[in-house]
Amino acid sequence: MSDAPPMLALDGISQRFVKRLDVAARIANLLGAKLKDEVVHAVDRVDLAVRQGEVVGLVGESGCGKSTLGRIAAGILAPSEGRRRWRGKTVAEMPAAEARAVELKVQMIFQDPFASLNPRLRVEDIVGEAPAVHGIVAGGERDAYVAELLRRVGLDPGFRRRYPHQFSGGQRARVGIARALAVKPEFLVCDEAVAALDVSIQAQVLNLFMDLRADLGLTYLFISHDLGVVEHLSDRVAIMYLGRFVEIAPAEEIFARPNHPYTAALLAGIPRLDARKRRFEPVKGEIPSPLNPPPGCHFHPRCPHAIPRCRVEAPALKAIAPGHWSACHLNDGK
Amino acid sequence: MLVYLIRRLLQSVAVLLVMSVLVFVGVFAIGDPVEILINPQADQAEIARARAALGLDQPLWRQYALFVVNAATGDLGRSFVHNVPAIDLILQRMPATLELAVTATLFGVLLGVPLGLLAGLRPQSRIGKSIMAGSILGFSLPTFWVGLMLIMVFAVQLGWLPSTGRGETRRVLGIDLSILTLDGLRHIVLPALNLALFKLSLVIRLSRAGTREVVLQDYVKFARAKGLAQRRVVWVHVFKNIMIPIVTVLGLELGSTIAFAVVTETIFAWPGMGKLIIDSINLLDRPVVVAYLMVVVFMFILINLAVDLAYSVLDPRVRLSEVKG
Amino acid sequence: MTANQPTLSVESLRTHFFTRAGVLKAVDDVSFTVSAGQVLGLVGESGSGKTVTGFSVIGLVDPPGRIVGGRVLFKGEDLVGAGEERLRRLRGDRVAMIFQDPMMTLNPVLRVDTQMIETILAHDPAVGRSAAMERARDALGRVGIPSPDERLRAYPHQFSGGMRQRVAIAIALLNRPDLIIADEPTTALDVTIQGQILYEVQKLCRETGAALIWITHDLSVIAGLADTVCVMYAGRIVESGTVDDVLDRPQHPYTAGLIGSVPSRNRRGVKLAQIPGMTPSLLSLPPGCAFRARCARADDACLAEPPLVIPSPGRGLRCFHPQADAR
Amino acid sequence: MTAEIVPVAPAVETPFRRFVAEFCASRLAVAGLVGLSIILLVAIFAPWIAPQDPYDLRQLDVLDGRLPPLSKSMGGKTYWLGTDDQGRDMLSGIMYGLRTSLLVGVGSSFFAMLIGMAAGLTAAYVGGAIETLIMRIVDIQLSFPAILIALILLAVLGQGVDKIMIALVAVQWAYYARTVRGTALVERRKEYIEAARCLALGKSRIVFRHLLPNCLPPLIVVNTVLVAGAIALEATLSFLGLGLPITKPSLGLLIANGFAYMLSGKYWISFFPGVALLATIVCINLVGDQLRDVLNPRLQK
């Protein structure tokens with residue numbers, strides 16, 4: 001089992017968005033202005049391997065690059081650097097037909113239940129278009145196929161001729177899931193898939209994800225800012241801060257024994273149902289702009305334990321226990 | 001801010017160059033002026049001499065190169081018809097057009113913004129609906145037809161106001177102005193009204209649309225939740241935000257008013273640049289047409305530049321993001 | 001004013017929206033009280049009427065909405081019948097409000113100092129500009145904004161979301177209000193920033209003794225912050241009481257379902273106790289209990305409107321079949 | 001196993017019915033729509049319902065020239081709106097003129113829309129240098145008033161229905177291009193486009209089946225405004241003597257024709273064609289205005 005290559009692996013992935021100086025800015029530089037190209041390191045040399053059947057949670061605050069990484073994993077976005085491997089084979093080097101098959105194997109579930117469905121298509125077309133185009137289902141069987149998918153995600157197939165706006169937020173989320181399932185994927189990237197839903201509806205959709213995992217043996221990369229949701233669903237959790245992973249560990253381990261100060265701060269910051277009249281003791285400072293991240297460890301300006309070394313040297317991810325990786329200089333002293 | 005300025009200046013120069021090529025090549029295609037200027041009985045040698053005298057025997061690109069070099073020194077050629085420098089003809093006519101356009105634009109803004117604001121704040125009220133209905137009408141009325149109707153009613157039927165010319169003018173700083181004399185004022189009322197009607201409707205619609213969107217914003221509700229008086233909410237919080245799009249459009253509209261004066265000047269026989277260009281097109285007076293277009297393009301670029309600067313002053317988001325960079 | 005008169009007492013408030021498609025009863029017979037120094041949590045999912053309730057209190061419901069019944073007693077004075085000028089004097093002075101989206105609540109073309117000073121001068125023109133500026137600087141300092149002098153001269157877009165929300169809170173506190181209504185003020189913020197804001201708000205309420213109404217969809221925030229809680233569903237308060245009572249011993253099936261829907265540490269990987277179905281449209285509410293269609297305990301009794309009962313002191317409940325003890 | 005079935009919200013109203021209801025909320029807009037329909041019918045059926053064929057010189061009698069409205073002709077017919085200098089029945093002239101004006105206005109807007117849509121979609125979806133190039137041209141063109149550009153073009157091209165349509169298309173395509181690009185840029189960033197890409201759907205399928213239909217509503221609004229603008233601009237240019245030839249009189253030309261007689265009090269030769277032109281433009285603008293309000297997502301709560 002452990003010898004098999006991971007289902008989906010991302011090796012040394014970086015994503016940079018560069019805004020180059022135009023002619024005007026270069027002339028301004030000649031006149032004495034000191035302008036530079038704007039480079040955003042959305043994702044900075046990240047390695048991630050997801051094994052078959054696993055649920056990996058990816059947690060981080062806004063601007064940390066988790067959505068960008070998710071889109072790279074799903075194959076929508078090509079990384080500036082690094083390789084994406086499917087069962088050990090680099091996708092970029094595959095022949096076109098094979099690459100397309102992999103593309104269908106990895107599907108994405110989106111955040112916004114309103115923007116993620118084409119408002120001008122009927123539900124049956126939203127769900128049925130891709131399998132028909134790719135020959136997964138024959139023309140005559142399309143109707144039955146769509147009906148079965150809708151039933152699978154908990155929607156009445158009788159409403160397949162309706163348009164998205166005639167559904168509630170939770171039902172739209174289900175349509176989005178049915179659309180992804182229609183091409184028989186093995187791997188789902190869920191990008192904040194329940195963030196826009198009400199609590200009671202969120203619970204329904206989370207349960208649906210768990211059912212689908214049990215029934216279809218799906219593998220998930222589950223991206224969320226909500227630690228509670230990730231904790232509930234994931235086998236392993238990766239914590240991301242300003243484009244880098246700061247800690248990866250099995251879920252139980254990371255919530256019981258957070259190692260990185262940022263993980264600890266996150267865990268201390270989340271409100272919990274069972275914590276009454278607590279005194280909130282927050283971590284200091286703002287999340288820095290990814291345009292101009294602090295040198296060394298990105299977290300050091302907010303870290304209560306920062307040492308001089310954190311200011312100059314970026315810590316690498318190191319194993320501190322079996323399966324538990326953390327990127328913090330403080331671990332070296334122990 | 002520096003980058004912003006440089007960028008705008010570069011763009012302006014580029015536009016000026018591109019437009020000069022287009023204008024020059026385009027206008028070159030208008031008939032052959034020699035056929036009009038020369039006696040039809042003239043022989044070939046005479047025609048050739050005339051062509052050489054006008055520089056028309058040179059290849060197109062050389063004519064253009066010569067034109068650019070001369071233009072840079074303010075020489076846009078001599079009118080074939082009047083045999084004076086084209087630029088002089090235009091500059092001589094320009095004050096009349098500018099006076100008309102500025103009067104009309106001011107009229108449109110000073111009346112249009114408050115009316116649009118009112119209609120935007122009370123879209124469902126009777127007054128709001130009346131303002132809108134009026135503005136649709138004003139927006140739809142073809143300028144030239146309104147001009148005719150104004151003449152018919154106020155000049156022909158009622159005989160209150162004159163229908164042609166500028167009337168008595170007074171010279172201020174070397175520029176003749178009509179609005180400073182009673183007779184001049186009587187002459188400018190109808191053409192200015194004619195030209196302003198469309199502006200007025202446009203400003204009303206813009207202000208109303210802007211107001212309707214701004215009042216739905218959270219910051220307006222927050223301003224009310226702070227206990228500010230309605231007056232302050234409207235004239236500070238709403239007004240400042242709608243001014244940004246209005247100023248932008250107005251600058252451009254001043255330009256288009258100058259262009260649209262062609263119609264009004266023709267109807268009211270207002271001796272401005274617009275009448276000159278129509279006459280010149282009909283007479284195939286090529287240098288005047290080219291000079292007119294280049295002057296107008298230049299004015300437009302100046303106006304656009306001014307609008308951009310005004311925009312960045314009004315909207316701190318533009319100003320500061322550029323300063324920071 | 002008697003010593004134990006509540007700061008705010010809302011009685012049978014009804015706010016309806018008269019739309020083309022029909023009458024939308026956004027707030028229907030809502031009652032609650034909050035006293036000085038107390039934090040009341042108003043919890044509900046989207047469309048439950050919690051935000052409209054907040055706006056109704058300070059008379060900022062926009063057409064086609066209208067308060068059609070009930071009383072809003074602020075220190076004994078009924079605000080429902082009060083004139084616009086009286087309400088304006090209270091707003092921003094005695095009753096302050098904090099909005100959900102910090103990116104949208106500050107006017108983008110006005111400097112922060114302008115937006116702060118106008119709030120002071122609108123209520124007391126005698127203060128004078130320099131004294132008002134001094135107070136504005138103080139307020140920014142109190143909500144934890146570093147170098148307030150510099151920040152006063154900045155425009156909103158130069159601030160991050162968390163900083164803007166602090167500015168909004170500082171504006172709300174400028175005139176030392178007796179009541180603060182906070183409408184989901186941390187929903188749009190990141191976890192670590194939310195923690196900071198919660199910390200500041202908690203501290204400031206303790207210091208100033210203002211009453212606070214915290215409107216949110218997040219039960220966990222209420223758990224850590226509030227003294228009492230009202231749970232809203234489809235325009236009505238279905239259950240109310242102290243935080244411990246309601247969260248530990250919920251009696252309404254909706255409250256119980258909501259608590260069961262929140263993923264928590266003890267139940268990793270177990271299916272969540274979800275509420276079936278979805279929130280009904282307020283336009284076509286059937287008669288009787290609005291939760292009936294989603295409720296496992298519903299029977300024919302629920303076809304009638306459940307009245308408000310007081311099962312124990314300080315609690316309120318609208319249900320024919322309360323759970324004796326859930327969990 | 002299957003998850004439990006969740007009941008679907010009852011369909012209170014279809015989008016089309018809501019659209020109709022919201023549109024009809026303004027009585028003015030409905031009046032505009034009715035007026036526009038009548039004008040269209042008159043224009044289409046002019047050859048069958050007009051009292052005379054104004055192009056047929058045999059039907060004209062110069063002795064009937066410049067008769068005021070309601071006069072009787074030599075042949076006993078009534079000229080409801082009077083006659084022009086050549087004895088042409090104004091009512092018939094207006095009906096035929098309406099036909100020409102609408103043909104030119106609607107036709108050129110249609111071609112401008114096709115060109116603008118292609119340019120705008122290309123700019124938005126391809127991006128890069130092509131986008132910069134297209135949008136620079138659009139920007140430059142839009143910063144100059146339409147009438148100026150049309151004036152130059154007509155001065156170059158000369159008169160004729162085809163010439164004026166070319167001029168109008170050249171003036172208007174940029175408005176469509178800007179609108180389409182603006183909407184397409186917003187729509188392109190939406191998740192349903194990403195979803196389509198994730199499902200490995202082809203590029204042309206994404207552009208034409210997913211992107212384009214969602215860019216249409218603002219285009220409809222712009223279209224009404226621009227059709228009205230094209231009709232007005234054509235009339236103005238014809239009035240200035242740069243538009244249509246005398247043999248094909250549009251409303252603008254009819255008005256110009258009456259200009260000379262205006263000062264002698266023969267108002268009807270200019271007045272009635274002007275009223276027809278005004279009514280057409282007002283009706284289109286009334287409809288367009290309401291469409292703008294109904295289709296504007298920012299005003300919907």
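Proteins get letters first, then strands, A, B, ... in listed order; numbering begins at 1 in each.
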May I ask you to decide if B/L276's main-chain N or O and B/E265's side chain share a donor-acceptor pair within less than 3.5 Å?
no
Residue part contacting chain D, namely of B/V297, when any heavy atom lies under 4.5 Å
both
Answer with side chain, backbone, both or neither: which region of B/L148 has an atom nearer than 4.5 Å to a non-hydrogen atom of chain D?
both
Salt bridge check, B/K221 against B/D218: does any charged N sit closer than 4.0 Å to a carboxylate O?
no
Counting distance only, does the side-chain N/O of D/T224 pair as donor-acceptor with the main-chain N or O of D/V221 below 3.5 Å?
yes
Turns out that what part of D/A228 lies under 4.5 Å from chain B's heavy atoms comes down to neither
Starting at CG of D/L103, measure out to OG of D/S250 and round the result to the nearest 0.5 Å.
11.0 Å
Using modelled atom types only, decide if a donor and an acceptor are shared between the side chain of B/S135 and the backbone of B/M132 within a distance under 3.5 Å.
yes
Does D/E234 reach the main-chain N or O of D/V104 with its side chain, forming a donor-acceptor pair under 3.5 Å?
no
Tell me which of these, B/V296, B/I267, B/I277, B/V146, has more heavy-atom pairs under 4.5 Å with chain D than the rest.
B/I267
Out of B/S140, B/A14, B/A133, which one racks up the most heavy-atom pairs below 4.5 Å with chain D?
B/S140
Whatever's closer than 4.5 Å to a heavy atom in chain D on B/I151 counts as side chain
When the 4.5 angstrom heavy-atom criterion is applied to D/L286 and chain B, the contacting part is both
